[in-house]
Amino acid sequence: MCGIVGYVGKADVTEVLIGGLKRLEYRGYDSAGVALIDDDRIVVNKVSGKVAGLKARVREEWGDGRYAKATTGIAHTRWATHGTPTEVNAHPHLDHTGEVALVHNGIIENYRSLRARLEGNGHHFESDTDTEVLAHLVGECDKGDLFQAVCDALHQVEGTFGVAVISSREPGRIIAARRGSPIVIGVGDGETIVASDAAAIMAHTQRVVYLDDNDIAIVTADAVELRDLNNVPVTREIAELRYDEAAAEKGGYEHFMLKEIHEQPEALANAIRGRLDFDLGSSVLSGMGTSPRELGELARVVLVGCGTSLHAGLVGEYAFEDLADIHAEVEQAAEFRYRNPIMGSRDLMVAISQSGETADTLAAVREGIQKGAFVMSLVNVVGSTISRETGRGVYLHAGPEISVASTKAFTCQVAVLLMMALKLGRGRRFSRVQGRELAREIERIPELVEMVVAQSDRIAEIAKEYSKGEHAYFIGRGPMYPVALEGALKLKEISYVHAEGFHAAELKHGPIALLEQDTPVIAIACDVPGKDKTLGNIEECKARGARILGLVSERDHETAECMDDYIMIPRCHQLVATIPAVVALQLFAYHVARLRGCEIDQPRNLAKSVTVE
Ligand code: M6R
């Protein structure tokens, strides 16, 4: 989603800003722009399209060293919300005087009424964006103090924002603020960087300050002063970034997605390491911050998330009910707070998110806290908003996930959910012996995944038979039903093939009408209760001409024979098997997308972290 970079310091400002935007490309965007303070005016360059285009444009127009003395600038990658992804709609936006420039992540919900009022005061707008309205509002409030102007403007807006603002009358200074959209400030040696994501900062400094909601920062090359929107000073700690530079490079792989799929054995080992207690037959998840008594008193687990994280939650639902004997429910995070859910102190809410910044999941977390539930997070990005607001939870330790399509985060989420369920289960009906058995199965996950990753070339061959169609249907049952949903999501988001996941039993209640000669059906027919019924469903598809790719348990040649093509999944506990099964579907989606020539790491219209509701 949108990305912000701002810089004050001695280095070449344009280079730092464009370098920062490059680091944010993985988030997904469709236009980009940069603004500098040059002596007593603001200069702007914007393009529709990629950062490479912005770089070329800047080189062409500013390449003569004209702005070499600039010390201050802001830049942005825009993921269109209000208005198409054109150059005019790209950020930075200027106010009516051209003296203030602003970049913004989030949505100004009352922008229409603000715009009408400003137009009534003689303002003229060039773009269709809510952001330009905010820039004009700051300009209108500016009576010679940019900080105060930003405060006054932000008091008038409804919605969410992460902003960085500069004024030609105050060179050497950036005003940054947040409500709902992350802002992190890198504190360097004689230079300061403002960004929406630490990835843009790590090349300059490891020392960062995360803004909380309603914080506003006055940023200069040598200092960061923090206040709240009522001008009351606030203090935030300086944190050390723990970002792995190597993980942000492709390391010889053609795409980040392929690299991240291959990284899964190691990522899973990191997620599991030190967290299994073979003696007690349980797991050690100290971040949950719960005593055995508190766990014993829980009446329900509510799992919330979006997209892939929601699918991990669906596997978790099976795990909590099956292993821990506790009522579990999965909630689409976007729906949670609008549904007025019944929650209380005996409910454990687990917010699942790779980024820890997803707006809908964050809103659900806040609602859960409000309702007195026991809220914890299952997040990958350390220090992200959801992890900070929940204050307790379990990190995935999957390492940075750059590709928009989530892969290693999903498998690590499921692994951690299994360990959570094991812990709860041991406080309830699970015996030590049963606990040990499951712990041993969980310990095998990296090796099981390795066995699937090793089949990548074979899966690439199979993908050739399925890459030309425009539709594909995924079916599964039991814990493999969420795997079918995730397989379909992976395929549709990176290959643009229309793909749907269904419970295998649901087919004949409607979706089977879609099947035609050679329609691909990807059937997850590993050993789970009800497999025989799935085999029946597969026959129903074959009878209507569908071409079947089956996921079957290792050495199950009888089932494999029912399929047109098959991929073998190592034998293991049925909940554990969801992980290697999904890895096979990740590889399938990857190879189909590659054959179709798609832009795999940054699929059209998608953003890595969705920070608007
Ligand atoms: O960062 P999160 O896990 O909260 O993100 C949730 C979804 O936006 C994300 O999983 C999305 O569905 C991915 N593109 C799936 O690959």
Side-chain angles (χ1 to χ4, degrees), residues 1-2 26-29 79 180-182 196-197 199 255-258 260-261 264 267 271 303-316 330-336 349-365 377-390 393-396 398-414 416-417 474 482-483 485-497 499 501 582-583 585-590 593 598-613:
M1 202 141 264
C2 303
Y26 79 97
R27 297 168 64 95
Y29 69 102
W79 185 81
S181 251
S196 51
D197 180 327
H255 297 99
F256 278 110
M257 183 180 178
L258 188 63
E260 287 159 8
I261 291 173
Q264 286 179 106
L303 302 130
V304 295
C306 300
T308 287
S309 296
L310 180 73
H311 296 156
L314 287 166
V315 179
V330 182
E331 290 273 357
Q332 217 296 328
E335 198 52 33
F336 189 76
M349 180 188 208
V350 184
I352 309 171
S353 173
Q354 188 287 129
S355 61
E357 301 293 351
T358 300
D360 286 321
T361 311
L362 179 59
V365 161
S377 59
L378 211 170
V379 157
N380 193 34
V381 178
V382 176
S384 53
T385 309
I386 291 174
S387 71
R388 286 184 289 127
E389 292 209 7
T390 51
V394 184
Y395 280 120
L396 300 178
E401 191 178 67
I402 307 291
S403 180
V404 165
S406 185
T407 53
K408 60 180 180 173
F410 176 86
T411 49
C412 290
Q413 284 164 349
V414 174
V416 174
L417 285 166
F474 290 67
V483 171
L485 297 179
E486 177 58 11
L489 175 61
K490 249 4 20 126
L491 186 65
K492 79 180 107 182
E493 72 180 323
I494 60 167
S495 73
Y496 316 142
V497 171
V582 99
V583 173
L585 298 183
Q586 292 167 355
L587 282 165
F588 175 73
Y590 172 81
C598 298
E599 211 178 319
I600 292 178
D601 285 330
Q602 289 164 36
R604 70 182 179 212
N605 304 338
L606 290 185
K608 180 65 183 162
S609 109
V610 182
T611 48
V612 293
E613 286 188 56

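Atoms within a ligand are numbered from 1 in the order they appear, just like the ligands themselves.
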N or O contact, Val404 vs ligand 1, cut-off under 3.5 Å: yes
Proximal atoms of ligand 1 relative to Glu493 (non-hydrogen, under 4.0 Å): 13 (C), 14 (N), 15 (C), 16 (O)
Tyr590 side-chain N/O to Ile261 backbone N/O, donor-acceptor pair under 3.5 Å: no
Heavy-atom nearest option to atom 2 (P) of ligand 1, drawn from Leu396, Val610, Thr358: Thr358
Atoms in ligand 1 with a heavy atom of Gln354 nearer than 4.0 Å: 1 (O), 2 (P), 3 (O), 4 (O)
Protein contact of atom 7 (C) of ligand 1 - nearest heavy atom, named by residue and atom, plus distance: Cys306 O, 3.6 Å
Ligand-side contact atoms (ligand 1) for residue partner Gly307, heavy atom cut-off under 4.0 Å: 12 (O)
Test log, rule side-chain hydrogen bond (donor to acceptor under 3.5 Å, both in side chains), inputs Gln586 and Thr407: CA-CA 7 Å; Gln586 292 167 355; Thr407 53; 4.9 Å; no
Separation of Ser309 OG from Asn380 CG (nearest 0.5 Å): 9.5 Å
Sub-4.5 Å side-chain heavy-atom contact between Ile352 and Thr361: no
Ligand-side contact atoms (ligand 1) for residue partner Ser406, heavy atom cut-off under 4.0 Å: 15 (C), 16 (O)
By salt bridge (Lys or Arg N to Asp or Glu O under 4.0 Å) - contacts of Glu357 (at least two apart): none
ring-ring contact (aromatic ring centres under 6.0 Å, His included) against Phe336, all qualifying residues, sequence neighbours excluded: none
Check: Lys608 side chain, Tyr26 main-chain N or O, donor-acceptor pair, under 3.5 Å: no
Enumerated ligand 1 atoms positioned under 4.0 Å from heavy atoms of Lys490: 15 (C), 16 (O)
Per-atom contacts of ligand 1 with Thr308, taking only distances under 4.0 Å to non-hydrogen atoms: 10 (O), 12 (O), 15 (C), 16 (O)
Residue part near ligand 1, for Glu357, under 4.0 Å between non-hydrogen atoms: neither
Taking every non-hydrogen atom, the tightest pair across Ser384 and Ser355: CB-O, 3.2 Å
Element-labelled atoms of ligand 1 that are located less than 4.0 Å from some non-hydrogen atom of Ser309: 2 (P), 3 (O), 10 (O)
Numbered atoms of ligand 1 (with element) below 4.0 Å of Ser355, judged on heavy atoms: 1 (O), 2 (P), 4 (O)
